[in-house]
Amino acid sequence: MGRYILRRLISAVPVLLGITVIVFAIMALIPGDPATAILGSYATPENVEKLNRDLGLDKPLVAQYFIWLGNMVQGDFGTSFSLNRPVIDEVLERFNATLILAGTAFVICSVLGIAAGVVSAANQYGWGDKAITFVVLLGISIPSFFLGMMMILYFAVNLRLFPVSGMWPIYGTRDIWALLDHLVLPASALAVVATGVIARLSRSAMLEVLRQDFIRTARAKGVHERGVIWRHALRAAMVSIIPVLGIQAGFVLSGAVYIEIVFQWPGVGRMLVDAILKRDILLVQGGVVFVAACYVMFNILVDVAQSLLDPRIKT
């Protein structure tokens with residue numbers, strides 16, 4: 001297992017390097033001058049040139065990339081132009097908020113998606129299967145940001161059941177109940193599409209397992225149908241479901257960008273949008289690379305979990 005984990009970690013290095021190249025190239029191709037964005041449109045050419053020199057932006061792009069990459073490997077993501085604070089501090093602070101939102105949405109979509117897929121497969125072509133399929137397809141068809149706006153209009157504005165936006169009350173204590181109150185709508189909106197996808201693929205994986213011989217053997221031995229479904233079939237189907245969870249975790253993390261903007265959630269997604277508008281290159285680069293690295297690490301964890309269920313994957 002140790003060699004397998006080491007091999008997966010080594011294979012992640014070129015992926016992360018490729019991400020740094022793409023992020024750096026995209027930010028370099030965006031029109032506009034960061035120094036002008038910082039100093040304003042009335043800045044003199046001399047001041048703009050001096051600031052570019054101080055920021056190292058007067059060097060060739062290749063040199064800028066390797067300086068940035070070398071500093072980042074040592075844990076120095078640079079200093080945000082617009083916020084005047086270390087990028088890594090800002091990213092870590094915002095990532096906590098994103099992790100709460102995306103993590104809650106991921107738990108919701110994993111539990112509901114797998115449960116819906118199992119129930120649907122166990123009642124194939126029945127009314128339960130048809131009802132779940134209808135709801136799942138409806139959920140997959142609705143964009144998360146549109147669903148989020150409709151939730152705000154109905155549950156927050158009309159019924160006044162939940163706060164319209166934010167992570168905490170403007171006035172009042174920051175306790176767990178206040179956080180949950182603000183979390184219900186954005187986490188639900190973020191989880192809907194992923195729940196549908198997981199449900200559909202869980203249903204397919206379960207149907208495939210339910211046709212196998214060991215399931216017939218378990219039924220022939222008199223194992224209760226609930227035990228066959230939830231203990232034997234679901235465990236075997238998890239080998240196929242876990243990679244889907246890994247992929248959906250990435251979609252939930254990237255989808256959090258839209259939801260954070262709709263609900264004014266103070267996470268990495270909202271930070272990146274603000275940084276792009278202000279041409280804060282180091283903050284954008286550091287934020288994207290950090291999130292991408294977290295996504296790669298999560299996928300390695302998924303692969304390890306899958307290999308524990310099916311040791312053949314390690315070979």
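Fair warning: this is a prediction, and the values are worked out from it, not measured in the lab. The residues of the chain are indexed from 1 along the displayed sequence.
Under the 3.5 Å distance criterion, the side-chain polar atoms of Arg94 are left unmatched by any main-chain donor or acceptor of Val268. Side-chain atoms of Arg216 come within 3.5 Å of backbone atoms of Arg211 as a donor-acceptor pair (strictly under, hydrogens ignored). Asn71 places no side-chain N or O within 3.5 Å of a backbone atom of Asp76 that could act as its donor or acceptor partner. No donor-acceptor pair closer than 3.5 Å links the side chain of Asn123 to the backbone N or O of Gly126.
Each of His232, Glu225, His224 was compared with Arg219 under the side-chain hydrogen bond (donor to acceptor under 3.5 Å, both in side chains) criterion, and only Glu225 meets it.
Looking at residues two or more places apart in sequence or on another chain, you find a side-chain contact (heavy atoms from CB on, under 4.5 Å) between Ile241 and Ile114, Ser202, Ala205, Leu234, Ala237, Met238, Leu245.
Between Trp168 and Pro266, every side-chain heavy-atom pair lies at or beyond the 4.5 Å cut-off. Inter-residue side-chain proximity for Leu272 and Val288 is flagged as met; some heavy-atom pair is nearer than 4.5 Å. Looking only at side-chain heavy atoms (C-beta outward), Ser144 and Val192 stay at 4.5 Å or farther from each other. Looking at Met72 and Thr20, their side chains come closer than 4.5 Å, going by heavy atoms from C-beta outward. Within the 4.5 Å cutoff, the side chain of Leu9 has heavy atoms near those of the Met297 side chain. No side-chain heavy atom of His182 sits under 4.5 Å from any side-chain heavy atom of Phe263. With contacts defined as side-chain heavy-atom distances shorter than 4.5 Å, the pair Val273/Glu260 does not qualify. Counting heavy atoms from C-beta outward, Ile140 and Arg200 have side chains that approach closer than 4.5 Å.
Contact between Val91 and Met271 at its shortest, heavy atoms only, is CG2-CE, 4.1 Å. Of all non-hydrogen atoms in Gly148 and Val262, the two that sit nearest each other are C-CG1, 4.2 Å. Taking every heavy atom of both residues into account, Leu282 and Trp68 meet most closely at CD2-CD1, 3.9 Å. For the residue pair Ile19 and Ala292, the shortest heavy atom distance occurs at CD1-CB, 3.6 Å. When every heavy atom of Trp265 is checked against every heavy atom of Ala97, the shortest pair comes out as NE1-O, 2.9 Å. Annotation for Phe77 and Gly286: closest pair CD2-CA, 3.6 Å, computed over non-hydrogen atoms.
Both Val15 and Leu253 belong to a common hydrophobic cluster when Ile, Leu, Val, Met, Phe, Trp and Tyr are linked at side-chain heavy-atom distances under 4.5 angstrom. Side-chain heavy atoms closer than 4.5 Å link hydrophobic residues (I, L, V, M, F, W, Y) into clusters, and following such links, even through other members, never connects Ile152 to Val193. Ile108 and Leu185 are members of different hydrophobic clusters when ILVMFWY side chains are connected at heavy-atom separations under 4.5 Å. Cluster membership check: Val62 does not share its hydrophobic cluster with Ile22, using side-chain heavy-atom separations under 4.5 Å among Ile, Leu, Val, Met, Phe, Trp and Tyr. Both Val197 and Met206 are part of a single hydrophobic cluster, where members link through side-chain heavy atoms under 4.5 Å apart.
Residue-environment remark: CG (Asn84) stays at or below the threshold of 12 foreign heavy atoms within 6.0 Å. Atom CZ of Phe214 has more than 12 neighbouring heavy atoms from other residues, nucleotides or ligands inside a 6.0 Å radius.
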Evaluate Lys278 against Phe81 for side-chain contact (heavy atoms from CB on, under 4.5 Å), listing each step before the verdict. CA-CA 9 Å; Lys278 295 175 182 174; Phe81 306 156; over 6 Å; no

Could you go through Thr79 and Val87, starting from their C-alpha distance and side-chain angles, then the distance that decides it, and tell me whether this counts as side-chain contact (heavy atoms from CB on, under 4.5 Å)? CA-CA 5 Å; Thr79 302; Val87 168; 5.8 Å; no

Criterion side-chain contact (heavy atoms from CB on, under 4.5 Å) on Val21 and Leu17, from CA distance to verdict: CA-CA 6 Å; Val21 172; Leu17 280 176; 5.6 Å; no

Verdict with reasoning, Val119 to Arg203, per side-chain contact (heavy atoms from CB on, under 4.5 Å): CA-CA 8 Å; Val119 173; Arg203 179 182 182 275; over 6 Å; no

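Relative ring orientation between Phe145 and Tyr258 is described as tilted, the plane-to-plane angle lying within the 30° to 60° band.
A salt bridge does not link Glu46 to Lys50: none of the charged side-chain nitrogens sits closer than 4.0 Å to a carboxylate oxygen. Arg85 and Glu93 are joined by a salt bridge, as a carboxylate oxygen and a charged side-chain nitrogen come within less than 4.0 angstrom of each other.
In this structure, Ile215 CD1 and Glu208 CD are separated by 12.0 Å, a value rounded to the nearest 0.5 Å. Of the inter-residue distances, the one linking Phe290 atom CZ with Thr98 atom OG1 reads 10.0 Å to the nearest 0.5 angstrom. Taken from CD in Gln264 to OG in Ser165, the straight-line distance is 6.0 Å, to the nearest 0.5 Å. Expressed to the nearest 0.5 Å, how far CZ of Arg8 lies from CG of Asp303 amounts to 4.0 Å. In this structure, Leu92 CG and Asn96 CG are separated by 7.0 Å, a value rounded to the nearest 0.5 Å. With rounding to the nearest 0.5 Å, the separation of CZ in Arg226 from CZ in Arg231 is 12.5 Å.
For the residue pair Tyr295/Ser254, the side-chain donor-acceptor check at 3.5 Å is not satisfied.
A ring-centre distance under 6.0 Å is found for Phe106 and Phe298.
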